[in-house]
There are 2 protein chains.
Amino acid sequence: MSGALKDAIRVERPAKTLRELALDKVREAIVNGYFRPGDRLVERDLCAQLGVSRTVVREVLRHLESEGLVANLPNKGPIVAQLDIDEAKQIYEIRGALEGMAARLCAERRSPEIVAALEESLAGIRNSYRDNDMAAVLTNTSSFYHTLFTMVDRNVAWGVVNLLTVRINHLRSMTIKTERRSIEGPLQMSKIVDAIRRGDGEGAYRAAMDHVAAASAIAEAVLSAKKPAD
Amino acid sequence: MSGALKDAIRVERPAKTLRELALDKVREAIVNGYFRPGDRLVERDLCAQLGVSRTVVREVLRHLESEGLVANLPNKGPIVAQLDIDEAKQIYEIRGALEGMAARLCAERRSPEIVAALEESLAGIRNSYRDNDMAAVLTNTSSFYHTLFTMVDRNVAWGVVNLLTVRINHLRSMTIKTERRSIEGPLQMSKIVDAIRRGDGEGAYRAAMDHVAAASAIAEAVLSAKKPAD
DNA sequence: CTACAGTATCTGGTACGCCATAATACGATT
DNA sequence: AATCGTATTATGGCGTACCAGATACTGTAG
């Protein structure tokens, strides 16, 4: 029997361990600001809030630590990682390099399916902006880049980008709210798609780089404006 | 009293938690092949071998899982991650993009210190090859790239590269043993340094890309040659 | 009002126990 | 003898209790 067939009749099981559920909860809590940068994450408090044991909480904290979302002060314990401006810029820079690479690969493949998938995500972004649904903007933007990477089978790079992106997630939600971003963001992304459509690898690379460079610039402005107030 | 002075008399403490020690041990055991890909990592056995409690072992396993060195089969438990050839190629590709980026930045900075530091590492590599000390070759190669990234303050990218590199570590130790690598490897790296010295960003970028591309090609050859035998 | 001692808090780490599941071995039935 | 059902074992997932060491807080005595 073929493997595919065997998979087809396989019974779907929840399969999520308690740990994974807790991990998702805490990560989410951090990225949408329920826990603020610098906040202490007291193990036993988390146990109570999540309704799980310390064993689970500790594993979750270790995991988030290796994701860079949580920092561990010696003899003090875990806190939500602070994002300094330089680190944010570095993350944007890396994303630029990797997304540019993926965009170039997409362009070189010249596949109509890629273009169609990207345009669908892009339309989703435009709609979300129109509806003022910022959460949906983020989701659709993620999906845009997700297709960009997975269409050319670059799941490892996508993993890296994802890993880095959660660390700047609250920045992202600030940059997309910027006035001009609702017009320029989709415009830059459509330039990426256009270059891919005409098979212009170099153009796609540069367009992708430009897009994150713009995001980086906005983030820097936002971050340095917030710093003195905070 | 100034902070610096206070630091100066501060007593140096191990500061490494047991968990970190265990983490290093297990990671090392995996990367130099004491645990082979596909091996099961039985928690209670590891407890005995490491002399630590299950809690610590579990946290270590979670950490390694998020590093990609360990995979978790549902209802089966953790095993040493298998490295498939496609994933390895992706990792080399990402390294190319990031190391190329760093090399370009180094070239654009035109700093003699960078060139000096790189040449020192390069000399170390040449010596290690001459002495047939392959472990030293790996260490010095790492140090070469470490300076490449840190000299232009790209510690995040360096972290990413490092994270990915451990996953292909046993491949690295195979590629550097290849006959021609002992000549071509340092040659390609010296091309990077040359380009940096003359401030040729584009050249440095391409030279860095070429170097990992060559490594990737060797790795692919090695890996596909080993597959049928295994 | 300050210095010091005691106390509460919290993490790092350990030990142990319970449960669920998967695999295997074993035994009974046809 | 083949098959089916059951008991056992191995193992991970999870919880609880406990201790040691570091730190932060607090109240009291001088």
Side-chain angles (χ1 to χ4, degrees), chain A residues 6-7 9-27 29-30 35-67 69-82, chain B residues 1 3 6-7 9-27 29-30 35-36 38-67 69-81:
Chain A
K6 213 166 105 195
D7 282 356
I9 61 162
R10 189 167 203 88
V11 353
E12 225 38 72
R13 231 184 319 195
K16 277 250 184 184
T17 80
L18 196 55
R19 188 178 64 243
E20 292 172 287
L21 296 174
L23 175 62
D24 290 343
K25 282 275 186 222
V26 178
R27 184 173 21 224
I30 292 178
F35 294 127
R36 313 281 285 279
D39 279 4
R40 292 192 62 181
L41 297 171
V42 177
E43 292 181 1
R44 283 160 174 97
D45 291 358
L46 284 177
C47 293
Q49 291 185 48
L50 296 169
V52 298
S53 76
R54 250 186 95 204
T55 311
V56 171
V57 167
R58 289 181 57 148
E59 289 174 39
V60 166
L61 288 174
R62 298 301 150 250
H63 196 113
L64 292 171
E65 186 186 349
S66 70
E67 280 184 16
L69 273 182
V70 163
N72 245 311
L73 308 181
N75 296 325
K76 265 264 196 80
I79 62 170
V80 178
Q82 316 258 12
Chain B
M1 185 192 289
K6 216 167 102 195
D7 283 356
I9 61 164
R10 188 168 201 84
V11 19
E12 213 63 49
R13 230 183 320 196
K16 279 245 186 187
T17 79
L18 195 55
R19 192 177 58 243
E20 291 172 287
L21 296 173
L23 176 62
D24 290 343
K25 282 274 186 219
V26 178
R27 183 173 24 225
I30 291 177
F35 294 126
R36 313 282 285 279
D39 280 3
R40 292 192 60 181
L41 298 170
V42 177
E43 292 182 2
R44 286 165 173 93
D45 291 356
L46 283 178
C47 292
Q49 291 186 49
L50 295 169
V52 298
S53 75
R54 252 183 97 198
T55 311
V56 171
V57 167
R58 291 181 55 124
E59 288 174 348
V60 166
L61 289 175
R62 301 283 96 76
H63 196 113
L64 292 172
E65 186 186 349
S66 69
E67 279 184 17
L69 274 181
V70 163
N72 242 314
L73 308 181
N75 296 325
K76 264 268 193 71
I79 63 171
V80 178

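Throughout, protein chains are lettered first and strands after them, A, B, ... in sequence-line order, and every chain is numbered starting at 1. Worth knowing before you read on, the calculation uses all heavy atoms, side chains too, and leaves out hydrogens, waters and symmetry mates.
A/L46 CG to A/L41 CG: the interatomic distance, rounded to the nearest 0.5 Å, is 5.5 Å. The line from CG of A/L73 to CZ of A/R40 is 8.0 Å long, rounded to the nearest 0.5 Å.
OP1 or OP2 of C/dG12 sits under 4.0 Å from a side-chain N or O of A/R62. Remark: B/N75 is in phosphate contact with C/dA22, judged by side-chain N or O atoms under 4.0 Å from OP1 or OP2.
In this structure, CD of A/E43 is placed 17 Å from P of D/dA22, rounded to the nearest angstrom. Between the CZ atom of B/R40 and the P atom of D/dA10 there is a distance of 12 Å, rounded to whole Å. For the pair A/L23 CG and D/dG13 P, the interatomic distance rounds to 14 Å; values are reported in whole Å. A/N72 has its CG atom 15 Å from the C1' atom of D/dT23, to the nearest Å. Protein atom CG of A/L18 is 18 Å distant from nucleotide atom P of D/dG12, rounded to whole Å. At whole-Å resolution of the value, CD in A/E59 and P in C/dG12 are 14 Å apart. Between the C1' atom of D/dC18 and the CZ atom of A/R58 lies a distance of 13 Å, rounded to the nearest Å. Whole-Å rounding puts the B/L41 CG to D/dA10 C1' distance at 16 Å.
Under the side chain to side chain contact (heavy atoms under 4.5 Å, CB included) criterion, A/A29 pairs with A/Y34, A/F35, not counting sequence neighbours. Residues meeting the side-chain hydrogen bond (donor to acceptor under 3.5 Å, both in side chains) test with A/D24, sequence neighbours left out: A/K16, A/R27.
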Side-chain atoms of residues 54-62 of chain B: list all donor-acceptor pairs with protein atoms under 3.5 Å, sequence neighbours left out, distances to 0.1 Å.
{"from": "B/R54", "atom 1": "NE", "to": "B/E43", "atom 2": "OE1", "distance (Å)": "3.0"}
{"from": "B/R54", "atom 1": "NH2", "to": "B/E43", "atom 2": "OE1", "distance (Å)": "3.0"}
{"from": "B/R58", "atom 1": "NE", "to": "A/E59", "atom 2": "OE2", "distance (Å)": "2.8"}
{"from": "B/R58", "atom 1": "NH2", "to": "A/E59", "atom 2": "OE1", "distance (Å)": "3.4"}
{"from": "B/R58", "atom 1": "NH2", "to": "A/E59", "atom 2": "OE2", "distance (Å)": "3.2"}
{"from": "B/E59", "atom 1": "OE2", "to": "A/R58", "atom 2": "NE", "distance (Å)": "2.7"}
{"from": "B/E59", "atom 1": "OE2", "to": "A/R58", "atom 2": "NH2", "distance (Å)": "3.3"}
{"from": "B/R62", "atom 1": "NE", "to": "B/E65", "atom 2": "OE1", "distance (Å)": "3.4"}
{"from": "B/R62", "atom 1": "NH1", "to": "A/E59", "atom 2": "OE1", "distance (Å)": "2.9"}

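In this structure, the side chains of B/R19 and A/N72 come closer than 4.5 Å at one or more pairs of heavy atoms. No side-chain heavy atom of A/L69 sits under 4.5 Å from any side-chain heavy atom of A/V26.
Listed nucleotides C/dA23, D/dG15, D/dT23 differ in distance to B/K76; the shortest reach to its side chain belongs to C/dA23.
Near DNA chain D, defined here as any heavy-atom distance below 4.0 Å, the residues from residues 44-55 of chain B are B/R44, B/R54, listed numerically.
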